[in-house]
Amino acid sequence: MVELSPVIWWVRRDLRLSDNPAALAACAGGRPVIPVFIHDDGVARLGAAPKWRLGLGLECFASTLARIGSRLVLRRGDALEVLRALVAQSGAGAVVWTRAYDPDSVARDTRVKTALKQDGIEARSLAGHLLFEPWTVATGQGAFYKVYTPFWKVVRTREVPEPCAAPRALPAPATWPESDMLDSWQMGTAMRKGAEIVATHLRVGEEAAQARLDEFAASAIADYATARDFPACNGTSRLSENLAYGEISPRTCWHAGLRAMHEGKAGAETFLKELAWREFAYHLLWHSPHIATSNWRPEWDAFPWNTDENAPEVIAWRQGRTGMEFVDAAMRELFVTGTMHNRGRMIVASYLTKHLMTHWRIGLDWFADTLIDWDPAANAMGWQWSAGSGPDATPYFRVFNPVTQLARFDPGRRYVDTWIAEGRRRPSRKALSYFEAVPPSWGLSAQDAYPAPVVTAEAGRKRALEAYQARKF
DNA sequence: TGCCAGTTGTG
DNA sequence: ACAACTGGC
């Protein structure tokens, strides 16, 4: 009997077996499959929270693979070098992976594919991270969409393929290649003390993600359209964490949303619209990769942004000590849980880029360091949307007032009371946990007085609008 | 997925 | 006195 040459499944942000075309392709011919995750520069550059969360996802996915008789091989180094070494060692004839769309990954993957093909190895990338490949959605003129609403109109009626089944088993190779120990990668070191606290808020892995989707589609989705705006309500799906690492596929979420819509659940269409926002973010990132690094509208280069990331008011913003309760509550929620309610994301972004006139890149960097659901496309689009420098962005003069937003979206003050300890007779557990999570070097104590506003709602608005009127474009 | 000041209409 | 509307940022 001839030993079939193995297939390498290069696992990246697709830590799932269900609806994973790359996994299916890997085992389609009945050949042995070697799943490998590579710790390369891209992983090394991840922020503290996403790197730590990725480590937990890998640990979970390795045990999922073990349950079906497979393994997750861990290797460190340049992706191409690692894959070439694995090919030589295992005699593999093919490498498959799920496509990524951020510019760094695209450059790496293109280089890898070209080189492997030159080596005579079959190299295939497959769709799986998105509903539609970004180059398949185009306007009548053949251009890419720069405005969300027409994008949504075209996407809502498109056929999304049904999710594909998980492979029952991945045939194991005769001998397994060596693997690093996950612990040796120290994915959590940058998280320091906050990690234990953040961990209580997570749901890691494919099974947890599916359970979360089922639970959401069974109940909360009905009120999603209104409840999602109130940070004190558990009105959101909280699936971003799982979507970010591919623990669930967007197609699985889409079809759950469609089914809920056909069952007459009112909020289901809004949920589909949010999935389309994720899709739109990737559409923009693919067609204009510079959205992640520089103003999408170059005229904003002339705006007098504060670019000092260590300015006192910027430090106050990061530490949740601006003196604006809604902003501080949201920034503390971020630091303690690794996530932030969407309403909070809009408010803290508006406050940073408008009241504090600080460059959105500083906010983008902090989110990239602290969000466990960090996503290159959503983060870039979200910040440029908030700052007013992006395509289809909110105009710069549209300034959120953090005080009136609080009255409107947290009228019972449950959210701010959950996250702010100072001045409360009986601070909540979560509010106190913030002081345990922050580095001692910040020198914060729950006994401190709540800070006075670094910039008030009125003064910040006035200053931002004056700068906007005086702009040179 | 805004805010605010100014105006108009109602009692 | 105040809701409802409007235009400009």
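Convention: sequence-line order gives letters A, B, ...; per-chain numbering from 1.
The base of B:dT1 lies outside donor-acceptor range of the side chain of A:R398, with no N or O pair under 3.5 Å.
Rounded to whole angstrom, the span from the CZ atom of A:F400 across to the P atom of B:dC3 amounts to 7 Å. Rounded to a whole Å, the CG atom of A:L465 is 9 Å from the C1' atom of B:dC3. Between A:I347 atom CD1 and B:dT1 atom P there is a gap of 15 Å when expressed in whole angstrom units.
Remark: A:R463 engages no residue in a side-chain hydrogen bond (donor to acceptor under 3.5 Å, both in side chains) (not counting sequence neighbours).
Between A:F335 and A:W442, the ring center distance clears the sub-6.0 Å criterion. For A:F216 and A:Y224, the ring centers are positioned less than 6.0 Å apart.
In this model, the phosphate group of B:dA5 is not approached by any side-chain N or O of A:R461 to a distance below 4.0 Å at OP1 or OP2. At the phosphate of B:dT1, neither OP1 nor OP2 sits under 4.0 Å from any side-chain N or O atom of A:N342. Considering only side-chain N and O atoms, A:Q469 lies nowhere under 4.0 angstrom from the phosphate OP1 or OP2 of C:dG8.
Contacts between residues 265-281 of chain A and DNA chain B, defined by a heavy-atom separation below 4.0 Å, involve A:E274, A:W277, listed by number.
Residue-level contact check: A:T404 touches the backbone only, with heavy atoms under 4.0 Å from sugar-phosphate atoms and none from bases.
A donor-acceptor pair shorter than 3.5 Å cannot be found between the side chains of A:Q405 and A:N401.
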